[in-house]
Asker: 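Structure below; questions to follow.
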Amino acid sequence: AVPTLFRLFRPKPLMALELPERKTESYKHSWLGSDRQTGVIRYQSEERCLALQLCGWIQKGPDIDVDPFLNSLEQGEEWERAAAVALFNLDIRRAIEILNKGAALGKGDLNLNVVAMALSGYTDEKDSLWREMCSTLRLQLNNPYLCVMFAFLTSEPGSYDGVLYESSVAVRDRVAFANMFLNDTQILRYIDKLTNEMKEAGNLEGILLTGLTKDGIDLMESYVDRTGDVQTASFCMLQGSPGDVVKDPRVQYWIENY
């Protein structure tokens with residue numbers, strides 16, 4: 001079965017995959033392209049690697065290589081998102097290069113050059129003028145990906161609410177971020193909370209978390225109640241749901257009224 005992120009991080013009996021019991025490893029990862037900052041604690045496990053694949057950040061395989069994903073974002077001229085992903089992978093030089101490329105082409109947010117310049121002066125000193133200036137700049141930016149870059153850089157270790165709860169950033173990107181920077185207790189709490197929020201809002205991005213399961217039906221029900229779009233609900237359930245899910249009275253009603 002294809003795992004869902006919600007089940008992937010539940011205790012063993014509820015996991016969708018029978019993966020070997022492996023302890024999450026934490027390690028201090030150094031910034032690429034800079035020798036001035038202290039390392040950042042990141043987390044890694046087989047489940048987390050699989051979750052990054054489900055989020056589309058990496059391809060199948062043992063290596064965590066985001067270059068193909070970054071290249072695809074640049075080709076799609078998603079400069080702000082690409083720069084944020086590069087920064088989240090602690091490659092500040094790549095993030096600056098992406099922002100400068102977007103600015104040179106006259107694409108993307110008008111503040112790409114300003115953000116690139118700000119990143120080039122990054123320091124992790126808590127009382128620095130840089131930190132104060134960037135906290136102010138963040139409030140003046142409209143693009144959510146540019147905002148979360150500064151939220152990340154000015155956050156305390158392990159406290160990244162400014163990134164995790166920025167609703168304008170794609171769910172898959174926020175979950176991928178959580179996979180790298182939250183410990184096991186934090187990520188389980190976050191996935192639970194985000195899943196419930198997606199279900200209540202009827203946000204189809206939440207299917208990444210629920211899959212086409214009973215939780216997925218609850219999410220889809222909220223979506224139909226909000227939009228009246230039974231066509232999308234019926235199509236999704238017929239295409240990817242197991243038989244017991246399709247038999248749910250709500251799903252049957254959507255199909256009959258399609």
Side-chain angles (χ1 to χ4, degrees), residues 26-43 55 57 66-67 69-71 73-74 76-183 186-187 190 193-194:
S26 64
Y27 60 99
K28 187 165 283 191
H29 195 291
S30 300
W31 287 90
L32 300 174
S34 175
D35 56 3
R36 292 179 298 164
Q37 288 78 36
T38 56
V40 180
I41 295 177
R42 285 176 51 171
Y43 298 90
C55 291
W57 276 31
V66 296
D67 274 349
F69 181 49
L70 289 177
N71 292 335
L73 292 177
E74 288 189 56
E77 299 185 349
E78 296 184 66
W79 308 107
E80 299 87 353
R81 186 181 177 199
V85 172
L87 187 70
F88 295 158
N89 282 273
L90 307 185
D91 194 343
I92 198 165
R93 184 181 298 277
R94 179 76 182 271
I96 293 170
E97 290 173 351
I98 291 170
L99 292 170
N100 283 332
K101 186 185 296 185
L105 293 173
K107 306 288 186 177
D109 192 281
L110 295 176
N111 291 304
L112 294 185
N113 269 332
V114 175
V115 174
M117 189 177 301
L119 290 183
S120 66
Y122 170 60
T123 174
D124 55 12
E125 295 179 11
K126 294 183 179 180
D127 298 324
S128 67
L129 179 61
W130 181 91
R131 197 179 187 92
E132 182 180 336
M133 294 285 288
C134 287
S135 294
T136 302
L137 175 60
R138 176 187 167 196
L139 299 176
Q140 300 172 359
L141 296 171
N142 294 320
N143 186 282
Y145 282 96
L146 298 182
C147 291
V148 295
M149 291 170 73
F150 288 120
F152 174 53
L153 292 176
T154 56
S155 294
E156 295 297 322
S159 181
Y160 300 112
D161 285 3
V163 178
L164 298 169
Y165 295 104
E166 174 49 72
S167 60
S168 296
V169 169
V171 168
R172 58 189 179 278
D173 293 334
R174 287 187 276 155
V175 170
F177 176 91
N179 265 278
M180 295 191 293
F181 296 106
L182 299 186
N183 63 35
Q186 289 174 316
I187 196 168
Y190 177 66
K193 183 175 181 180
L194 187 59

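Only a predicted model underlies this, so the values are computations on that prediction, with no experimental measurement involved.
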Asker: Could you report the tightest heavy-atom contact between A82 and L70, atom names first, then the distance?
Answerer: O-CD2, 3.3 Å
Asker: Hey, what do you get for CE (M180) to CD1 (I187), rounding to the nearest 0.5 Å?
Answerer: 10.5 Å
Asker: Heavy atoms, side chains only, cut-off 4.5 Å: are Y43 and N183 in contact?
Answerer: yes
Asker: Tell me the closest heavy-atom pair linking A118 and C134, and the distance in Å.
Answerer: CB-SG, 4.2 Å
Asker: Show the numbers, then the answer: is there a side-chain contact (heavy atoms from CB on, under 4.5 Å) between R42 and N89?
Answerer: CA-CA 10 Å; R42 285 176 51 171; N89 282 273; 4.0 Å; yes
Asker: Please report the interatomic distance CG(L182) to OG(S159), rounded to the nearest 0.5 Å.
Answerer: 10.0 Å
Asker: Working to the nearest 0.5 Å, report the span between OH of Y122 and CD1 of I92.
Answerer: 7.0 Å
Asker: Between R174 and V171, is there a side-chain heavy-atom distance shorter than 4.5 Å?
Answerer: yes
Asker: Does the plane of the ring in F177 sit parallel, tilted or perpendicular to the ring in Y160? Use 30° and 60° as the thresholds.
Answerer: perpendicular
Asker: Parallel, tilted or perpendicular for F88 and F152, by the 30°/60° rule?
Answerer: perpendicular
Asker: Just distance, no hydrogens or angles: give the donor-acceptor pairs under 3.5 Å from side chains in residues 94-102, sequence neighbours left out.
Answerer:
{"unit_1": "R94", "atom_1": "NH1", "unit_2": "D67", "atom_2": "OD1", "d": "2.9"}
{"unit_1": "R94", "atom_1": "NH2", "unit_2": "N71", "atom_2": "OD1", "d": "3.1"}
{"unit_1": "R94", "atom_1": "NH2", "unit_2": "E74", "atom_2": "OE2", "d": "3.1"}
{"unit_1": "N100", "atom_1": "ND2", "unit_2": "I96", "atom_2": "O", "d": "3.3"}
{"unit_1": "K101", "atom_1": "NZ", "unit_2": "E74", "atom_2": "OE1", "d": "2.7"}

Asker: Is there side-chain contact between N111 and N143, with heavy atoms separated by less than 4.5 Å?
Answerer: no
Asker: Indicate yes or no: at least one non-hydrogen side-chain atom of R138 is less than 4.5 angstrom from one of V148.
Answerer: no
Asker: Would a 4.5 Å heavy-atom cut-off, applied to side chains only, mark Y165 and K193 as touching?
Answerer: yes
Asker: Is the CD1 atom of I41 crowded by more than 12 outside heavy atoms at less than 6.0 Å?
Answerer: no
Asker: Which residues satisfy the side-chain hydrogen bond (donor to acceptor under 3.5 Å, both in side chains) test with D173, sequence neighbours excluded?
Answerer: W57, R81, Y145
Asker: Can you name the nearest heavy-atom pair linking L164 to A178, along with the distance?
Answerer: CD2-CB, 3.8 Å
Asker: Has the side chain of W130 got a donor or acceptor atom that lies under 3.5 Å from a matching backbone atom of L119?
Answerer: no
Asker: Roughly how far, to the nearest 0.5 Å, is CG of L141 from CD of E80?
Answerer: 10.0 Å
Asker: Say you draw a straight line from CG of L146 to CH2 of W79; how long is it, rounded to the nearest 0.5 Å?
Answerer: 13.5 Å
Asker: Would you mind reporting whether V163 and V169 have side-chain heavy atoms less than 4.5 Å apart?
Answerer: no
